[in-house]
Amino acid sequence: MAMRSSPRDSISNLPDEILGKLLSLLPTKVAASTSVLSKRWRNLLGLVDNLCFDESMVVYPNEEEAESGSDRFSDFVDKALALLGNSPIKKFSLCHEPRRGCVDAYQRWIFTAMELGLLELHLHADRRYSRVVIETEFFTSNTLVKLTLSGVYSLEAERVFFPALKSLSLLSVSMLDHPNYCQLVDGCPVLEELFICDADPWDPPCCGTGVQSASIKRLVLSLNLPGSKQDHEVAYLEAPSLVYLDYSSYVFENYQFTDLDLLVEARLSLRLWDSTNDYDYSDDDDDDDEPKEAIFGDVTKLVAGISHITTLHLSLDSLEAFHFCCESMPMFNNLLNLSIESNKDKGWQVMPLLLKSCPNLQTLVIKGLLHRVTNRCGDACACIPKKHKNEKKKRKIVKEEEEEKLCCLWTCEVKVLEISEYGGSFLELKQMRHFLGKLKCLETVKVGVDADNDNNSEFLRANLLALPRLSSKCNIQFG
């Protein structure tokens, strides 16, 4: 009778090449008792092409153990890199808590890895102790294609040059000053992707206030700094090769967005510093549908700088920023796809003007039909503020006909309307009636029912299918 081998035996019997690949897929977790590698696994290190040292996976019971445990972690990394010899590696990741007096060791690990033909380098240091400075006269690699700096890592170099680097991520690197940030970006002549995140609430913007690069094609920028309004004066972007922009930030006082002629798609999440929730728009007069005090920020130049794109995504906060902080709306003559987010706390005041500014719009995507009822939603929606319900009944027939002719939906050439998170409420059904009865070019309507209404989906579908449609080609689909 054959003996069944244990899982450990099955793994141990695998060829060395396969074991090396398995090791490359696993983070190097160092337990407190780890001091040496077994002889078999030690010999396999030369076959490993992906090294990930993550000290955050080690749990220390107290501060004293943390200090000694960190020493063992350092010893382990030193031994592992020594055993590698000159074996090439593709990816090196280091996540640790920086300790005073250990900066030389961190730099030694980084430069050792970079000398082994490294393709990817990812560095993260927690904020518990001092910063980690990569200090060198010449910070360079001819092979590196992807670099990530995160946490308290910073750079002090007389010269930076990465001739092959395609992707750079700077994630809350508050210790990286602006001159060294600019030097880092300038030292990447073929850079295509730039990811920047400034999210420390106690720090001013570091890298996200200005981006200037002739080569980047994709930019993802997130600034979440609610405690530094005074530092949001000017944001600038100059990227003549940029194709995709994902921009999230509190609004700046001014923008300088230039040389974006190749930009095709933009995703904006622009947040106001001042809350507009204190204003009861449903009770305001038409002329008073504005906050009583000026709202900080002006996105006019930002909007003008992206006006030639073909695809635009707007968060619910961006709709408010466009309304309150944009002095003039440019024409989006090339815009074919527009998607917006909505909820019951944010208004659609800017929607009539926005739709009129998109004469060639083909696809309109709306996540959530419910929105805050205001006097400025106009004819883009079917909502009527309470104060004006009786006034509408008193309007003259001629005036009603004139308003119908001016409806932004009448001239809208949207062929595809996509609605997600549809709940089937009275207001939502009324809004769908408004769209179907005004959009003359509609061919396809895609409706995604809110998961909370799955049990009632057949009833919701029946109500939608019974609505009159101005376009004879309109086909309603459910997803």
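Computed from heavy atoms alone, side chains included, the values below leave out hydrogens, waters and symmetry copies.
Side chain of Thr310 to backbone of Leu336: no donor-acceptor contact under 3.5 angstrom is found. Remark: the backbone N or O of Asn333 is paired with a side-chain donor or acceptor of Asn360 at under 3.5 angstrom. Listed for the Glu418 side chain is no donor-acceptor partner under 3.5 Å among the backbone atoms of Val416. One N or O on the side chain of Ser471 and one on the backbone of Leu442 form a donor-acceptor pair closer than 3.5 Å.
Not a single salt bridge (Lys or Arg N to Asp or Glu O under 4.0 Å) links Lys473 to another residue, sequence neighbours left out. Partners of His122 according to the side chain to side chain donor-acceptor pair (under 3.5 Å) rule, which considers only residues two or more places apart in sequence or in another chain, are Glu120, Thr148. Residues passing the salt bridge (Lys or Arg N to Asp or Glu O under 4.0 Å) test with Asp317 are Lys346, sequence neighbours excluded. Partners of Phe435 by ring pair (Phe, Tyr, Trp, His ring centres under 6.0 Å), not counting sequence neighbours: none found. Residues forming a side chain to side chain contact (heavy atoms under 4.5 Å, CB included) with Ser269 (at least two apart in sequence, or on another chain): Ser248, Arg271, Ser315. Partners of Glu428 according to the side chain to side chain donor-acceptor pair (under 3.5 Å) rule, which considers only residues two or more places apart in sequence or in another chain, are Ser425. Considering only residues two or more places apart in sequence or on other chains, Ser93 meets the side chain to side chain donor-acceptor pair (under 3.5 Å) condition with none of them. Every side chain to side chain contact (heavy atoms under 4.5 Å, CB included) that Leu470 has, sequence neighbours left out, goes to Trp410, Lys440. Remark: Ser141 pairs with Thr143 by the side chain to side chain donor-acceptor pair (under 3.5 Å) rule, at least two apart or across chains.
Here the CG atom belonging to Leu147 is positioned 6.5 Å from the CG atom belonging to Leu184, to the nearest 0.5 angstrom. Once rounded to the nearest 0.5 Å, the distance linking CG of Leu94 with CG of Leu123 reads 6.0 Å. One distance of note links CD1 of Ile309 with CG of Leu245; it measures 8.5 Å at 0.5 Å rounding. Atom CG of residue Leu335 and atom OG of residue Ser357 lie 10.0 Å apart, to the nearest 0.5 angstrom. With rounding to the nearest 0.5 angstrom, the CG atom of Asp49 is 5.0 Å from the NZ atom of Lys90. Once rounded to the nearest 0.5 Å, the distance linking CG of Leu176 with OH of Tyr153 reads 13.5 Å.
Side-chain contact check for Leu270 versus Leu314: every heavy-atom pair is 4.5 Å or farther apart. You'll find the side chain of Thr444 stays beyond 4.5 Å of the side chain of Lys415, heavy atoms only. Two residues are said to be in side-chain contact when any heavy atoms from C-beta on lie closer than 4.5 Å; Lys367 and Asn343 fail this criterion. At a threshold of 4.5 Å between non-hydrogen side-chain atoms, the residues Phe162 and Phe139 count as touching. Taking 4.5 Å as the limit, every side-chain heavy atom of Lys146 sits out of range of all side-chain heavy atoms of Leu119. The closest side-chain heavy-atom distance from Ile306 to Leu268 is below 4.5 Å. Residues Leu260 and His308 have side chains in contact (heavy-atom distance under 4.5 Å, counting atoms from C-beta outward). The shortest side-chain heavy-atom distance between Arg433 and Pro468 falls under the 4.5 Å cut-off.
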Taking distance alone, no hydrogens or angles, what donor-acceptor pairs closer than 3.5 Å link side-chain atoms of residues 204-223 to residues at least two apart or in another chain?
| unit_1 | atom_1 | unit_2 | atom_2 | d |
| --- | --- | --- | --- | --- |
| Gln212 | NE2 | Glu238 | OE1 | 3.1 |
| Ser213 | OG | Ser215 | N | 3.3 |
| Ser213 | OG | Ile216 | N | 3.4 |
| Ser215 | OG | Leu191 | N | 3.3 |
| Ser215 | OG | Leu191 | O | 2.7 |

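Within the structure, ring-ring contact (aromatic ring centres under 6.0 Å, His included) contacts touching residues 211-236 (residues at least two apart or in different chains) are His232-Phe252, His232-Trp273. Residue pairs meeting the side-chain hydrogen bond (donor to acceptor under 3.5 Å, both in side chains) criterion with at least one member in residues 252-265, sequence neighbours excluded, are Glu265-His313.
Smallest separation of non-hydrogen atoms from Ala113 and Ile89: CB-CD1, 4.2 Å. When all heavy atoms of Val190 and Ala164 are compared, the closest pair comes out as CG2-C, 3.9 Å. Leu460 and Gly423 get closest at one heavy-atom pair: CD1-O, 3.9 Å. For the residue pair Ser172 and Ala199, the shortest heavy atom distance occurs at OG-N, 3.4 Å. Pairing each heavy atom of Ala321 with each of Leu272, the nearest pair is CA-CD2, 3.8 Å.
Taking the centre of each ring, Phe296 and Tyr250 stay at or above the 6.0 Å mark.
Remark: Lys229 NZ is packed, more than 12 non-hydrogen atoms of other residues, nucleotides or ligands lying under 6.0 Å away.
The side-chain contact (heavy atoms from CB on, under 4.5 Å) test with Leu369 is passed by exactly one of Met432, Lys430, Lys344, Glu421: Met432.
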